[in-house]
Amino acid sequence: MRVLGIESSCDETAVAIYCAEQGLLSHQIYSQVQMHAEFGGVVPELASRDHVRKIVPLIKASLEENGGDWRAIDAIAYTAGPGLMGALLVGSAVARALGFALNKKLIPVHHLEAHILAPLIEPNGLDYPFIALLVSGGHTQLIRVSSYREYELLGESCDDAAGEAFDKTAKLLGLPYPGGPALARLADAYESSEQSILRHSFPRPMVDRPGLDFSFSGLKTYVRNVVERDKAQGTLSADRKNEIADAFQEAVVDTLAIKCRRAVSQTGIDQLVLCGGVAANRRLRERLSELDNIRCYYPRSEFCTDNGAMVAFAGYQALVGERDGVINQLDDEQHVVRPRWPLFELNR
Ligand code: KG4
Ligand code: ZN
């Protein structure tokens, strides 16, 4: 059983082939980052047009890596939402055209479910139930995953997502788009972190309140005030920027770690999954792995940010779910793209 996966929800065009027996056979990503950098963020219309240019060559390349024969592919999975409308339409139109022409089964995939299942792509001992910390550009959620398609929201951000906070803070520090990884690099380059007063003075939002919700917009304002004060005093040196980046990253990581520990004690589930673009953050991985009595799992970095492997894998899981009667038959009705699509609508 082989599933071709197509991802085009935002600014990455990605294609992969997942095989039930052999695992991942191919994965190809084309990132539009450089194109959007000039504008300081994703321009939806440019994203759609670039997906149109790249998607067919990527599908061809993936297929050719595996002998170039469509007969070896059993189904085509594509991201149906949430994401940018035009970008999603490119992936779904290509998937549907191929499905129709080649008589392949089509599987619409929920982008966030694909992120959550990504740590299961490569065998690592992880099994249900687990707690997922989903941290991406648009979402920060703690989710109890009791089993496939049994998702319960435990907490989420009331304002900015963690990735969004990274990106906005990076902009304040004058870093180019995409800010998250650039800010993380500055933070990791700061050598005197243990002595940094700033590191300990940054707020850890909402940790003193009960519950599992987050808020990151205040942290960004805090950085703005520090940067403006430094500028006024002429002290915003390159090293000081590294120190600010380090203090910000530490505050976000600390806050996430505190809430993860709380989610584990509240549910009694000791397996923690880290997923979504911010899961690529080195310090966050390190910090969560150090939590006592918690087994922490995360996908390889290239499967944290948007990729086709997670879509192909989520598509395969849907086929297994359908076969086992866990979910309804995947029918044509579902083949619409949904720019907004709450994860919890998937529940069985
Ligand atoms: O999951 P993703 O690729 O796209 C969405 O579905 O949103 O996540 C992108 C987000 C961006 O906000 C990006 O800045 C952030 O993930 N990100 C990081 C790192 N790599 C990506 N944030 C912090 N540290 C990183 N290393
Ligand atoms: Zn994503």
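Indexing begins at 1, ligand by ligand and atom by atom, following the structure's order. Predicted, not measured: the structure shown is a model, and the values here were computed from it.
Considering backbone and side-chain N/O of Gly276, none are found under 3.5 Å from N/O of ligand 1. For ligand 1, the polar-atom distance check against Gly163 finds a nitrogen or oxygen pair separated by under 3.5 Å. Between Asn281 and ligand 1, an N or O atom pair is found at a separation short of 3.5 Å.
Only the side chain of Asp167 comes within 4.0 Å of ligand 1, counting heavy atoms alone; its backbone N, CA, C and O stay farther away. By the criterion of a heavy-atom distance under 4.0 Å, the side chain of Ala184, and not its backbone, is placed next to ligand 1.
The ring pair (Phe, Tyr, Trp, His ring centres under 6.0 Å) test applied to Tyr298 returns no partner, not counting sequence neighbours.
The protein non-hydrogen atom at the shortest distance from atom 21 (C) of ligand 1 is Gly277 O, 3.4 Å. From the protein, the heavy atom lying nearest to atom 15 (C) of ligand 1 is Val278 CG2, 3.9 Å. Looking from atom 9 (C) of ligand 1 to the surrounding protein, the closest heavy atom is Gly137 N, 3.8 Å. Regarding atom 2 (P) of ligand 1, its nearest protein heavy-atom neighbour is Asp306 OD1, 3.4 Å.
Rounding to the nearest 0.5 Å gives a distance of 9.0 Å between CD1 of Ile131 and SG of Cys260.
Across Glu345, His111, His110, Met85, a single residue satisfies side-chain contact (heavy atoms from CB on, under 4.5 Å) together with Arg338, and that is Glu345. Partner of Ile17 under the side-chain contact (heavy atoms from CB on, under 4.5 Å) criterion, chosen from Val3, Asn66, Ile59: Asn66.
The residue from Met310, His111, Glu12, Arg282 that puts a heavy atom closest to atom 6 (O) of ligand 1 is His111.
A single hydrophobic cluster is not seen to contain both Tyr30 and Val33; linkage of ILVMFWY side chains at heavy-atom distances under 4.5 Å, directly or through other members, places them apart. Linking ILVMFWY side-chain heavy atoms closer than 4.5 Å, directly or via other members, places Phe214 and Ile116 in two distinct hydrophobic clusters. The hydrophobic cluster containing Val264 also contains Val253, counting ILVMFWY residues as joined when their side-chain heavy atoms lie under 4.5 angstrom apart, directly or transitively.
Ligand 1 lies out of reach of Cys10, whose nearest heavy atom is not under 4.0 Å from it.
Nearest N, O or S atom of His111 to the Zn ion (ligand 2): atom NE2. Asp306 has its closest N, O or S atom to the Zn ion (ligand 2) at the position named OD1.
Between the side chain of Glu302 and the main chain of Asn307, no donor-acceptor pair closer than 3.5 Å is present. Here the side chain of Arg261 pairs a donor or acceptor atom with the backbone of Asp292 at under 3.5 angstrom.
Under a 4.0 Å criterion applied to the non-hydrogen atoms of His115, ligand 1 contributes the atoms 1 (O), 6 (O). Ligand 1 places these atoms under 4.0 Å from at least one heavy atom of Gly138: 7 (O).
Here Arg287 pairs with Asp254 in a salt bridge; the nearest charged N to carboxylate O distance falls below 4.0 Å.
Residue contact annotation: His115 places an N/O/S atom under 2.8 Å from the Zn ion (ligand 2).
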